[in-house]
Amino acid sequence: RGGRGGRPACSVTVADAPRTGTATNKSSISSTLMCGSNAAGEPLPLHIMFSSDAQNEENYGVILSWIQDLPFVYVRFGHDSYHRYCATVTVNQKGGTDTRVLSQVLQSYVDRLYPDAADAPGKRVLIKIDGGPGRMDINSLAELRSRGIYLFPGVQNTTQLTQETDQNFGLFKSLLREYAHVFSNELFSSRDPSSKGTTTFYSVLLSGLPPDPAKGTK
């Protein structure tokens, strides 16, 4: 349980379909989702790292249907008013974080969310991040520090202990799994009866724009 932040593994099942395998879906294709929040609970714009088997970086690409409905966030962060930010994507061979990708992502976050950040009192920003590649790269740290960004890497594979993200989004994650289960059953029960016996895997990408806090909620 500790390795999952105290929550069970996500297992979306269909009531009338054969259930084989384990609760974890495995694939040779990997991708990484980067998300987080500030101390006020505002979500960071999503960033997804896709993998590619192309031998040349010029041939890296992403299928449009994968990203066209990615959710926006409507947040303030270092601005005086709320702004809308779209998700971003990166493609590399492993679909994960390396020194170059991490530096690019952090610089992008700073440019968009903290445009007036500086290495001066009242202008500095502390980013707490989990352990992994690129966190201790001297060049990246020096560049960030010159802009007033202090990177605080945690010990790798220990976020289940502090659980900052779970404290902010734990209820959302639980409800998302519950609704995904209900949605899968609805899709399965409404399909053509003649196709019974053939299990179809449905991948649902949820998207939406949060209400404008300045206008209030209805």
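Throughout, numbering of the chain's residues begins at 1 and tracks the sequence.
Put simply, the side chain of V110 does not reach to within 4.5 Å of the side chain of V125, judged on heavy atoms. Put simply, the side chain of L106 reaches to within 4.5 Å of the side chain of L144, judged on heavy atoms. The side-chain heavy atoms of V75 and N38, taken from C-beta on, include no pair separated by under 4.5 Å. Taking 4.5 Å as the limit, some side-chain heavy atom of T99 sits within range of a side-chain heavy atom of S140.
The nearest pair of heavy atoms linking M49 to V101 is SD-CG1, 3.6 Å. Nearest heavy atoms, M136 versus P153: SD-CG, 3.8 Å. When all heavy atoms are compared, the tightest approach of V91 to G61 is CG2-O, 4.2 Å. Across all their heavy atoms, L46 and Y109 have their closest contact at C-OH, 4.2 Å. Nearest heavy-atom pair, Y82 versus R76, reported as atom, atom and distance to 0.1 Å: CD2-N, 3.7 Å. Smallest separation of non-hydrogen atoms from S52 and Y60: OG-CD2, 3.4 Å.
If you run side-chain contact (heavy atoms from CB on, under 4.5 Å) between M34 and each of I48, L102, L44, only L102 comes through.
Partners of Y85 by ring pair (Phe, Tyr, Trp, His ring centres under 6.0 Å), not counting sequence neighbours: none found. Taking D116 as the reference, K123 meet the salt bridge (Lys or Arg N to Asp or Glu O under 4.0 Å) condition, with sequence neighbours excluded.
Salt bridge absent: R147 and D119 never bring a charged side-chain N and a carboxylate O closer than 4.0 Å.
Between the side chain of S103 and the backbone N or O of R100, no donor-acceptor pair lies under 3.5 Å. Using modelled atom types, one side-chain atom of H79 and one backbone atom of R112 make a donor-acceptor pair closer than 3.5 Å.
At a threshold of 4.5 Å between side-chain heavy atoms, the hydrophobic network of Ile, Leu, Val, Met, Phe, Trp and Tyr places F152 and Y150 in one connected group.
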